[in-house]
Number of protein chains: 2
Amino acid sequence: MAIKDLNVQNEKPLYIQLVELIKERIADNIWSIGMMIPSENELARELDVSAGTVKKALNVCVQDGVLFRRQGKGTFVASPDFSKSFNRFFRFASKDGEQNIPATETLVLEVIEAPSEIAEKLKITTGEKVIKYRRTRTLNGITFVVEDIYLIYETFKGFENYNLSGKFLYPIFHSDFGTPILWAKEDIHPDVADKNTAELLGIELKAPVMCIERIAYTHKDQPVEVRFSIGRGDTFRYSIIVR
Amino acid sequence: MAIKDLNVQNEKPLYIQLVELIKERIADNIWSIGMMIPSENELARELDVSAGTVKKALNVCVQDGVLFRRQGKGTFVASPDFSKSFNRFFRFASKDGEQNIPATETLVLEVIEAPSEIAEKLKITTGEKVIKYRRTRTLNGITFVVEDIYLIYETFKGFENYNLSGKFLYPIFHSDFGTPILWAKEDIHPDVADKNTAELLGIELKAPVMCIERIAYTHKDQPVEVRFSIGRGDTFRYSIIVR
DNA sequence: AAGTGGTCTAGACCACCAT
DNA sequence: TGGTGGTCTAGACCACTTT
């Protein structure tokens with residue numbers, strides 16, 4: 001187990017070194033998503049630190065969203081929580097308040113050569129093959145978002161032949177392509193609808209929209225997906241408490 | 001000091017009870033903003049719990065943004081951090097990267113009877129007096145936001161005669177009116193500029209804007225300010241990491 | 001009953017800050 | 001030099017989960 005020892009001489013506190021060690025093991029797939037990691041006592045014995053130090057490090061990891069803990073059961077590797085994504089700010093609740101799953105319509109699913117903007121974000125060379133997937137998502141008769149998704153072809157070879165009706169992508173990436181999405185970076189800015197977008201979303205030309213750009217990463221911080229989403233502005237609401 | 005003892009019999013953990021006690025003391029102005037609170041050891045002695053329990057409670061409060069700690073100095077009551085406000089997502093950095101303070105222009109400063117929408121948010125009755133303050137904020141020649149601010153007249157009597165050039169409001173509220181802003185709730189949604197807004201912001205009609213509504217609270221969760229901000233969409237950028 | 005994480009204690013030692 | 005928070009240890013006891 002002792003791949004790398006914690007070092008008291010190091011300038012960093014032991015529990016910070018331990019946090020980094022844990023994150024490395026997850027990034028390197030030594031501990032995979034959903035897996036139970038060794039108990040506090042085991043870690044303390046193996047790394048030769050006190051249980052309290054291990055506990056502190058684990059709690060930092062929980063705070064950072066990479067682990068979760070269950071009393072009496074153990075400590076587990078968390079999967080990224082896309083309920084925290086910007087997408088959750090598009091409110092499209094049905095009248096009865098039910099949380100239905102949106103329907104998906106595929107508009108485009110094809111293999112193309114990566115435009116330079118996409119290649120750059122995926123850290124591949126321009127012209128290398130990518131899968132382009134354009135779809136809309138609809139709930140209660142309202143199409144609230146249109147998405148352009150670009151995937152590295154080498155990683156997702158065969159995905160272009162999938163029948164994608166209402167399925168979530170990331171579980172498929174994980175199970176069928178051995179490529180779990182571990183984290184993602186999202187950028188958001190407002191815009192107004194162009195003609196094409198307005199038609200797809202059923203809104204007026206120049207109506208407000210929110211544009212979300214997501215780059216999703218797998219092991220070793222390798223980007224594998226770029227996604228541009230354009231959502232109806234009239235369904236976007238976001239609140240924070242400033243303190 | 002012993003206003004309220006911590007109780008081991010209580011169903012809640014001691015450190016949670018302590019967190020609640022601390023927040024009460026701040027809300028009730030027993031400990032005010034910027035003030036140093038008693039040290040870990042003092043609190044431990046007075047409340048008859050161990051130093052470790054106090055430390056845990058204090059760290060929770062730091063996490064919640066109500067306290068901050070300085071090694072070698074002490075633990076202090078934090079003031080709300082409006083660098084965490086939505087306004088920080090309007091990027092208006094100058095070319096040389098300097099962080100200049102935006103210039104303010106007052107458009108309206110008058111006492112009016114509260115419209116129902118405002119009265120409701122301030123928890124006063126419709127028609128009660130409020131101060132209306134409309135201003136723009138400009139940096140590097142770009143007017144990036146126009147704001148309508150409504151204040152309870154009873155609380156801020158005399159504010160309508162202030163000369164407000166580039167001053168921050170919340171320090172004035174605190175020093176001149178004895179009303180510190182302790183926290184605020186902000187809601188944000190996209191829209192497009194109407195004629196008036198477009199002129200003030202120097203953008204085209206129907207250009208994208210972001211609308212921020214803030215309700216700011218003082219002691220005992222009393223709302224005292226409502227603020228509607230409309231900012232240029234082309235300067236709004238926001239990023240998150242989803243994990 | 002055995003193992004897990006959650007709480008709480010008591011104390012040591014260190015780094016930092018004011019005086 | 002004395003007081004502060006930051007780190008780390010060692011151990012007790014509890015609540016929860018599984019076998």
Side-chain angles (χ1 to χ4, degrees), chain A residues 1-2 4-23 25-26 31 34-78, chain B residues 1-2 4-23 25-26 31 34-78:
Chain A
M1 177 64 86
K4 185 178 178 180
D5 279 342
L6 305 188
N7 180 3
V8 208
Q9 312 288 22
N10 195 313
E11 76 285 359
K12 287 177 187 166
L14 285 174
Y15 78 93
I16 297 288
Q17 295 180 51
L18 182 43
V19 165
E20 289 169 354
L21 177 61
I22 290 166
K23 288 183 177 176
R25 289 192 179 175
I26 293 171
W31 292 340
M35 178 182 153
M36 176 175 161
I37 72 170
S39 74
E40 289 183 0
N41 290 333
E42 278 182 74
L43 287 172
R45 272 198 307 277
E46 286 166 13
L47 300 167
D48 198 31
V49 295
S50 81
T53 301
V54 172
K55 200 180 287 265
K56 182 153 188 181
L58 294 179
N59 284 332
V60 169
C61 290
V62 168
Q63 192 64 40
D64 291 350
V66 304
L67 295 178
F68 64 92
R69 321 190 72 185
R70 290 291 172 267
Q71 191 177 43
K73 298 186 77 172
T75 301
F76 304 82
V77 180
Chain B
M1 178 66 89
K4 185 176 174 180
D5 279 343
L6 305 188
N7 180 3
V8 208
Q9 313 287 19
N10 195 310
E11 77 284 0
K12 288 178 186 165
L14 285 173
Y15 77 93
I16 296 288
Q17 296 179 50
L18 182 43
V19 166
E20 290 169 353
L21 177 61
I22 291 166
K23 289 184 177 176
R25 289 191 180 175
I26 294 171
W31 292 340
M35 177 181 154
M36 177 175 162
I37 72 169
S39 74
E40 289 183 0
N41 290 333
E42 279 183 74
L43 286 172
R45 272 198 307 276
E46 286 166 13
L47 300 166
D48 198 28
V49 294
S50 81
T53 300
V54 172
K55 201 181 286 266
K56 182 155 189 179
L58 294 180
N59 284 332
V60 169
C61 290
V62 168
Q63 192 63 41
D64 291 349
V66 304
L67 295 179
F68 65 93
R69 320 189 70 186
R70 289 291 172 268
Q71 193 178 45
K73 298 187 74 173
T75 302
F76 304 82
V77 179

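Order of the sequence lines sets the chain letters (A, B, ...), proteins ahead of strands, with each chain counted from 1.
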Could you tell me how far apart [X] ([atom1]) and [N] ([atom2]) are, to the nearest whole angstrom?
X	N	atom1	atom2	value
L14(A)	dA10(D)	CG	P	12 Å
K73(A)	dT19(D)	NZ	P	10 Å
I37(B)	dG5(D)	CD1	C1'	12 Å
I16(A)	dC14(C)	CD1	C1'	16 Å
E40(B)	dC8(D)	CD	P	15 Å
L43(A)	dG5(C)	CG	C1'	13 Å
F76(A)	dC16(D)	CZ	P	17 Å

Closest non-hydrogen atom pair between G65(A) and A78(A), with its separation
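Minimum heavy-atom separation between G65(A) and A78(A): O-CB, 3.5 Å.
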Determine: side-chain N/O of [X] to OP1/OP2 of [N], distance under 4.0 Å, yes or no.
X	N	answer
T75(A)	dT4(C)	no
S39(A)	dT4(C)	yes
Y15(A)	dT7(D)	yes

Among the nucleotides [options], which one has an atom lying closest to any side-chain atom of [X]?
X	options	value
M36(B)	dT7(C), dG6(D), dT4(D)	dT4(D)
P13(B)	dT9(D), dT7(C), dT17(D)	dT7(C)
K55(A)	dG6(D), dG5(D), dG6(C)	dG6(C)
V49(B)	dT18(D), dG5(C), dT9(C)	dT9(C)
N41(A)	dA18(C), dT4(C), dT4(D)	dT4(C)

What nucleic acid atoms does K56(B) come within less than 4.0 Å of, heavy atoms only: base, sugar-phosphate, or nothing?
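Touches sugar-phosphate only.
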(message) With a 3.5 Å distance limit and no angle check, can you tell me whether E40(B) reaches the backbone of V54(B) through a side-chain donor-acceptor pair?
(response)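 Not a single qualifying donor-acceptor pair exists.
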Find which nucleotide of DNA chain D each of L58(B) and T53(A) is nearest to by heavy atoms, and output the residue with the more 5' nucleotide.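 Upstream on the strand: L58(B).
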Could you give the distance from OG1 (T75(B)) to CG (L43(B)), rounded to the nearest 0.5 Å?
->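 Nearest 0.5 Å value for the OG1-CG distance: 8.0 Å.
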Next on the checklist: If you apply the rule side-chain contact (heavy atoms from CB on, under 4.5 Å), what do you find for T53(B) with S50(B), and how did you get there?
Outcome noted: CA-CA 5 Å; T53(B) 300; S50(B) 81; 3.3 Å; yes
Query raised in the report: Which residues within residues 59-71 of chain B lie with some heavy atom under 4.0 Å of an atom in DNA chain C?
Result: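 When residues 59-71 of chain B is checked for heavy atoms under 4.0 Å from DNA chain C, the hits, listed by number, are Q71(B).
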Q.
Please evaluate residues I37(B) and L58(B) with respect to the criterion side-chain contact (heavy atoms from CB on, under 4.5 Å), reporting the C-alpha separation (whole Å), side-chain torsions for both, the decisive distance (0.1 Å), and the verdict.
A. CA-CA 10 Å; I37(B) 72 169; L58(B) 294 180; 3.9 Å; yes
query: Are more than 12 heavy atoms from other residues, nucleotides or ligands located less than 6.0 Å from atom CG of D48(B)?
result: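 Check fails, neighbour count at 12 or below.
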